[in-house]
There are 2 protein chains.
Amino acid sequence: MNAAFTLPPAAATAGSAVSASDACCRLCKAFAESQTAATRVGAGEEVFLEGEEADFVYRVEEGVLMSYRMLGDGRRQVVDFHLPGEFLGLEAGVEYSLTAQAVTPAKVVALGRRRLATLAADDVRLTRDLWSATVGAYQRSQDHAAILARQSATERVAAFLLSYARRIGAVRDMTLPMSRQDMADFLGLAIHTVSRTLTHLEADGLIAARSSRQVRLMRRDRLMALCP
Amino acid sequence: MNAAFTLPPAAATAGSAVSASDACCRLCKAFAESQTAATRVGAGEEVFLEGEEADFVYRVEEGVLMSYRMLGDGRRQVVDFHLPGEFLGLEAGVEYSLTAQAVTPAKVVALGRRRLATLAADDVRLTRDLWSATVGAYQRSQDHAAILARQSATERVAAFLLSYARRIGAVRDMTLPMSRQDMADFLGLAIHTVSRTLTHLEADGLIAARSSRQVRLMRRDRLMALCP
DNA sequence: CGCACTGTTGACGGTCCTCAAAACCAGTGG
DNA sequence: CCACTGGTTTTGAGGACCGTCAACAGTGCG
């Protein structure tokens with residue numbers, strides 16, 4: 001019985017490439033069988049708040065969400081964006097350590113943590129899924145920290161574009177659902193810097209922008225060269 | 001049976017304040033009963049390497065270690081320092097995502113992951129300990145990311161000094177076992193900036209330095225005021 | 001049209017990185 | 001004891017990068 005603590009190869013191959021959906025077989029099943037109706041949330045609405053008692057875990061059905069924390073000086077640190085199939089609130093303690101907010105209109109399904117714990121107690125594979133989803137989140141957090149620690153504005157923006165494109169499966173064209181401010185708070189930059197950097201990337205022909213949120217990746221190779 | 005997934009209040013109260021030893025009752029016991037002799041590692045020696053198969057979990061008995069990853073451009077990102085009583089390698093996938101290296105001469109005890117998994121399968125409290133230790137590491141990683149994203153050099157250094165003092169239980173005087181370069185790679189700064197910031201803090205009377213690694217916190221209040 | 005909001009652009013200044021050199025420290029060997 | 005060596009730490013000067021302030025453009029909506 002070593003399954004619970006040892007990750008399956010698939011979920012552990014690569015830091016930031018681990019999507020929560022890679023490790024959802026049992027976890028998805030638990031949601032599917034929970035009989036809970038999906039909840040609609042409008043853009044800007046919160047699903048749960050930092051500091052609230054963490055009674056539920058959520059799965060994104062539709063739309064895009066983001067999770068953030070407010071810092072002491074009133075600034076906001078966006079921790080991650082969450083796409084359909086991914087989970088929210090898994091790695092909370094008794095309280096949520098993050099606020100989860102809808103970026104676009106979205107649909108989420110809730111599952112009680114007590115119920116999930118009961119299920120996990122009888123199902124080693126579910127326990128393993130929970131474990132691997134949490135480990136994935138942890139490793140993504142470290143990738144993020146590494147970017148924030150050392151990369152320049154251009155590198156951060158390029159890394160973000162590529163990473164987001166990969167996550168939504170976009171090859172050339174994509175829609176960025178989040179505002180410039182959201183991107184800035186995710187990348188640890190000022191909104192002006194994000195904007196400037198994007199126009200600069202466009203001037204250099206690495207990307208093309210139909211509108212401010214419609215981006216086409218023109219030179220993926222050169223963008224990748226910017227992400228060491 | 002909701003114990004495995006729900007954290008006990010003690011372990012979840014505060015992000016960066018969660019020391020691994022807060023959540024070790026069963027986990028420590030597992031190590032104590034493992035009959036494995038402690039391994040000595042000299043300063044600078046590695047306990048495990050990024051990319052290696054993660055077959056063991058370690059507990060620090062003596063000394064200080066640090067974990068880091070190498071970035072694409074050859075830079076090093078120190079993820080954390082590890083004090084006696086804390087665990088290493090818990091949150092690994094099949095491979096370690098970090099390299100663990102001794103900062104000072106140290107003693108660690110190893111425990112096989114397969115063995116730990118076997119124990120955890122029969123012991124809900126142990127499973128909960130594993131969970132809460134991992135969640136703790138995740139939340140510390142996010143605290144760290146927030147600092148890297150937004151704080152100035154002075155704020156980073158002040159936060160580091162206070163956080164390290166708290167972890168080792170120092171009130172006024174403390175010895176920093178790590179080099180300036182280690183601190184710099186942890187804080188996402190150049191070594192020169194760390195050095196300059198420390199001399200500046202000393203000039204302002206917030207700290208006093210007997211030697212470069214012997215620091216006394218003179219004005220804890222003003223240091224804390226620097227950490228928003 | 002006016003208004004509110006989001007995004008872009010320019011000018012300027014501060015912070016922190018880079019480059020370079022000096023001071024300090026521990027250990028080694030003459 | 002002193003000179004020499006390799007390492008770490010400190011200090012200085014200069015400049016790039018990015019945040020701040022300010023103004024302007026674009027968009028959607030009443």
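Numbers restart at 1 for each chain; the letters A, B, ... are given by sequence-line order, proteins then strands.
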A/R213 near the nucleic acid: base, sugar-phosphate alone, or nothing, with a heavy-atom cut-off under 4.0 Å?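 Sugar-phosphate contact only.
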Any base atoms under 4.0 Å from A/S152, or only sugar-phosphate, or nothing? Heavy atoms, all strands.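 Since only primed, P, OP1 and OP2 atoms lie under 4.0 Å of A/S152, the category is sugar-phosphate.
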Distance in Å, B/Q151 CD paired with A/D73 CG, rounded so as to fall on 0.5 Å steps: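 B/Q151 atom CD to A/D73 atom CG measures 6.5 Å (nearest 0.5 Å).
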With a 3.5 Å distance limit and no angle check, can you tell me whether A/S34 reaches the backbone of A/F31 through a side-chain donor-acceptor pair?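 Yes, the answer is positive, given that a donor and an acceptor are paired below the 3.5 Å cut-off.
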Once the angle between the rings of B/F48 and B/Y96 is folded into 0 to 90°, is it parallel (under 30°), tilted (30 to 60°) or perpendicular (over 60°)?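 The rings of B/F48 and B/Y96 lie parallel, inter-plane angle below 30°.
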Give the ring-plane orientation class for B/F81 versus B/Y164, where under 30° counts as parallel, over 60° as perpendicular and anything between as tilted.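 Judged by the thresholds at 30° and 60°, the geometry between B/F81 and B/Y164 is perpendicular.
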Atom pairs, N/O to N/O, protein against nucleotides 11-15 of chain D, distance under 3.5 Å?
unit_1, atom_1, unit_2, atom_2, d
D/dT11, OP2, B/T199, OG1, 3.4
D/dG12, N7, B/R196, NH1, 2.9
D/dG12, O6, B/R196, NH2, 3.4

List the atom of [X], the atom of [Y], and the distance in Å for their closest heavy-atom pair.
X: B/H144; Y: B/V78; result: CE1-O, 3.7 Å
X: B/R113; Y: B/A54; result: CD-O, 2.6 Å
X: A/V171; Y: A/R220; result: O-NH2, 2.6 Å

Value in whole Å for how far the P atom of D/dC17 lies from CG of A/L226: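 The answer, rounded to whole Å, is 13 Å.
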Tell me: CG of A/D73 to P of D/dG19, nearest whole Å?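 After rounding, the gap between these two atoms is 14 Å.
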Residue pair A/Y68 / A/Q101, side-chain heavy-atom distance below 4.5 Å: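 Of all side-chain heavy-atom pairs linking A/Q101 with A/Y68, at least one is under 4.5 Å.
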Check: A/R40 and A/E62 side chains under 4.5 Å, non-hydrogen atoms: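 Side-chain contact under 4.5 Å: yes.
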Can you list, by residue number, the residues of residues 181-190 of chain A that have a non-hydrogen atom closer than 4.0 angstrom to DNA chain C?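 Residues of residues 181-190 of chain A under 4.0 Å from DNA chain C: none.
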Might you confirm whether atom CD of B/E53 has over 12 heavy atoms from other residues, nucleotides or ligands at distances under 6.0 Å?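 At most 12 heavy atoms, drawn from other residues, nucleotides or ligands, come within 6.0 Å of this atom.
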Identify the 5'-most and 3'-most nucleotides of DNA chain C with at least one atom closer than 4.0 Å to a non-hydrogen atom of chain A.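 Reading along DNA chain C, I get C/dT6 to C/dA11.
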